[in-house]
*Asks:* 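Sending over a structure as structure tokens; questions will come in a sec.
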2 protein chains.
Amino acid sequence: MALGDAILACLTERPMTGYELAKTFDSSIGFFWKADHQQIYRELSKLRDRGYIQGREVVQSGKPNKLVYTLTPEGRTALRHWAARPSTPASTKDDLLVRLHALDSIDIEPLRADLMARLEHHRDRHANYERILKKRFPDGTAEGKLDLGNLLLLRLGARHEQMVADFCEEALAALSAMSGKATVVPIEDGKREGKG
Amino acid sequence: MALGDAILACLTERPMTGYELAKTFDSSIGFFWKADHQQIYRELSKLRDRGYIQGREVVQSGKPNKLVYTLTPEGRTALRHWAARPSTPASTKDDLLVRLHALDSIDIEPLRADLMARLEHHRDRHANYERILKKRFPDGTAEGKLDLGNLLLLRLGARHEQMVADFCEEALAALSAMSGKATVVPIEDGKREGKG
DNA sequence: CGACTTTTTCCTGTTACGGTAAATAACGAG
DNA sequence: CTCGTTATTTACCGTAACAGGAAAAAGTCG
């Protein structure tokens, strides 16, 4: 279980509904962990079955009733035990890197387009991180432990996006510098192969 | 399919057996993609069923016979089509970051130990990247397209490891600076709770 | 009325991850 | 000769994760 622990970690901040969690996994923690609402709800059921969280139904008027989940003491303990185990370094698993590994067997034009899209994407994310950093930590220091963690995360995220964006730029430049000697072959295999 | 494409990408370099692929996924491409030998073999079967690769049995004396897999033209085409689609930016999914997100609800001592282990781990990897870079690209330039891709990958890897290592150092420093005001609670829940 | 938001749930797949284990075939240690 | 090791492939099991399609219920907005 890993997504489950991420949810528990989110619930340490405050009780939340599945709906809120899904939104959280779209912003704050979602910067480095992706999960759609179905995954969240399924995981919440499991966590409830194990007694790590407790759902309290809140009757609403004008909206469907919601289930606010709170960490139980067992859940807190489970999270602490999980956090006390050594972490496993995750591997990147980025499609783009696989493409680069097979650079001489693929078409460069789509790759170039992809790199440009990614460049924009990572620049956007970088700007977003910086924006949040300036807003939440104008003087660059954190007060409590909770803030410290988030400050560190934001800084790591910002640097990471910056680095990947730089990488995309560099790759594009290298590709351009090489495009002279490269044979440009359009992607139309299987149509006129064998018979020329 | 993503692991399958990574395997196809590996096979563009030269034909390989499942055993060799498993080793490759432990070193070169394995720097950013992890897969054990069972995953590899299972994926190879699928790729063969789809006609993307072709196995040729090589009789060996002294060792069991091996199956050398070669990309078929269909496999090359499939790889090119896959590579022509826009890549999906992967999310990090690092346990360590989840822990930092819940920093005020976990025990700092194990976290500190974890950070130190990770620091060493990322430093090792960084040194490894640099070593390969110096060996394969002493002058920092690539000749062919194949080399270009690998040079870029190695550089990205080196920078990434450097950055994460720096991050670990920074986090450790921040934790130390904060440890004065923090209440240290040993992880022994559930034993003496409820009855003092 | 229809479209949209909020909130939860169910369904069916595929892909990935993890561990345990075995079969074949040789080599070397004890 | 048995035991362990390296090389090489394969099998089975279970769970976790990812993807997409759907629907229900209750209200608001246009």
Side-chain angles (χ1 to χ4, degrees), chain A residues 1-8 15-26 29-30 32-50 52-53 55-69 82 85 87-95 98, chain B residues 1-8 15-26 29-30 32-50 52-53 55-69 82 85 87-95 98:
Chain A
M1 184 164 40
L3 175 58
D5 294 297
I7 290 178
L8 292 182
M16 281 192 267
T17 69
Y19 195 81
E20 282 177 285
L21 276 166
K23 303 216 139 181
T24 301
F25 271 76
D26 247 26
I29 210 178
F32 55 89
W33 205 291
K34 199 71 66 191
D36 58 22
H37 74 279
Q38 338 230 15
Q39 270 177 286
I40 308 267
Y41 281 117
R42 244 176 305 160
E43 204 64 34
L44 282 173
S45 307
K46 280 192 218 165
L47 291 172
R48 190 181 37 194
D49 290 349
R50 290 177 204 188
Y52 291 168
I53 59 176
R56 192 171 43 83
E57 187 163 19
V58 173
V59 181
Q60 297 189 121
S61 62
K63 290 170 199 173
N65 297 345
K66 62 184 178 183
L67 271 165
V68 180
Y69 287 104
W82 170 78
R85 298 211 317 262
S87 68
T88 56
S91 45
T92 312
K93 291 210 175 169
D94 193 328
D95 292 5
V98 176
Chain B
M1 185 167 37
L3 175 58
D5 294 296
I7 290 177
L8 292 181
M16 280 191 265
T17 68
Y19 196 81
E20 281 177 286
L21 276 166
K23 302 214 139 181
T24 299
F25 271 76
D26 247 27
I29 209 177
F32 54 90
W33 205 292
K34 201 67 69 188
D36 57 23
H37 75 280
Q38 340 231 13
Q39 271 178 286
I40 308 266
Y41 282 116
R42 247 176 302 171
E43 205 62 33
L44 281 172
S45 307
K46 281 193 216 164
L47 291 172
R48 190 180 38 193
D49 290 349
R50 291 178 203 185
Y52 291 168
I53 59 175
R56 192 170 43 83
E57 188 163 18
V58 173
V59 181
Q60 298 189 121
S61 62
K63 291 170 199 173
N65 298 344
K66 62 185 177 182
L67 271 165
V68 181
Y69 287 104
W82 170 78
R85 298 210 317 263
S87 68
T88 55
S91 44
T92 312
K93 292 212 174 166
D94 193 328
D95 293 5
V98 176

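These figures come from a predicted structure and were not determined experimentally.
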*Asks:* Using whole Å, what does the distance between atom P of nucleotide dG27(D) and atom OH of Y19(A) come to?
*Replies:* 17 Å
*Asks:* For E57(B) and dT24(C), give me the distance from atom CD to atom P, rounded to whole Å.
*Replies:* 14 Å
*Asks:* Without decimals, in angstroms, what is the distance between D36(A) CG and dA16(D) P?
*Replies:* 17 Å
*Asks:* Write down the distance between CG (L3(B)) and P (dG18(C)), rounded to a whole number of angstrom.
*Replies:* 12 Å
*Asks:* Give a yes or no answer on whether the side chain of Y52(A) reaches the backbone of L44(A) with a donor-acceptor pair at less than 3.5 Å.
*Replies:* no
*Asks:* Answer yes or no: does a side-chain N or O of T17(A) lie under 4.0 Å from OP1 or OP2 of dT6(C)?
*Replies:* no
*Asks:* Measure the distance from CD on Q39(A) to C1' on dT12(C) and round it to the nearest whole Å.
*Replies:* 15 Å
*Asks:* Write down the distance between CD1 (I40(B)) and P (dA11(D)), rounded to a whole number of angstrom.
*Replies:* 16 Å
*Asks:* Name the closest nucleotide to the K66(A) side chain, picking from dT7(C), dT9(C), dT10(D).
*Replies:* dT7(C)
*Asks:* Can W82(B) and L8(B) be said to form a side chain to side chain contact (heavy atoms under 4.5 Å, CB included), step by step?
*Replies:* CA-CA 10 Å; W82(B) 170 78; L8(B) 292 181; over 6 Å; no
*Asks:* Take S91(B) and V68(B), find for each the nucleotide of DNA chain D with the closest heavy atom, and name the residue whose nucleotide sits nearer the 5' end.
*Replies:* V68(B)
*Asks:* Starting from the 5' end of DNA chain D, give me the residue, R42(A) or Y69(B), whose nearest nucleotide shows up first.
*Replies:* Y69(B)
*Asks:* Between dG18(C), dT9(D), dA17(D), which one does the side chain of Y41(B) approach most closely?
*Replies:* dT9(D)
*Asks:* Given dT9(D), dA16(D), dT15(C), which nucleotide is nearest the side-chain atoms of R50(B)?
*Replies:* dT15(C)
*Asks:* Roughly how far apart are T17(B) OG1 and N65(B) CG, rounded to 0.5 Å?
*Replies:* 12.0 Å
*Asks:* What's the closest nucleotide to the side chain of H37(B) if the choices are dT7(C), dA17(D), dA21(C)?
*Replies:* dA21(C)
*Asks:* Test your reading of the model: is there a side-chain donor-acceptor pair from Y19(A) to the backbone of L67(A), 3.5 Å cut-off?
*Replies:* no
*Asks:* Measure CG/N65(A) against C1'/dA25(D) and give the value in whole Å, please.
*Replies:* 10 Å
*Asks:* Looking at K23(A), does any N or O in its side chain come under 4.0 Å of the phosphate oxygens OP1/OP2 on dT7(C)?
*Replies:* no
*Asks:* dT9(D), dA7(D), dG18(C): which one has an atom nearest the side-chain heavy atoms of L67(B)?
*Replies:* dT9(D)
*Asks:* Have a look at S45(B) and say if it touches a base, only the backbone sugar-phosphate, or nothing, with a 4.0 Å heavy-atom cut-off.
*Replies:* nothing
*Asks:* Quick check on DNA chain C: between K46(B) and E20(A), whose nearest nucleotide comes earlier from the 5' end?
*Replies:* E20(A)
*Asks:* Roughly how many Å is it from CH2 in W33(A) to C1' in dA17(D), rounded to a whole number?
*Replies:* 10 Å
*Asks:* Under the side chain to side chain contact (heavy atoms under 4.5 Å, CB included) rule, what do F25(A) and I7(A) come out as? Steps first, then yes or no, please.
*Replies:* CA-CA 9 Å; F25(A) 271 76; I7(A) 290 178; 4.1 Å; yes
*Asks:* Quick one: which of dC13(D), dT7(C), dT20(C) gets closest to the side chain of Q38(B)?
*Replies:* dT20(C)
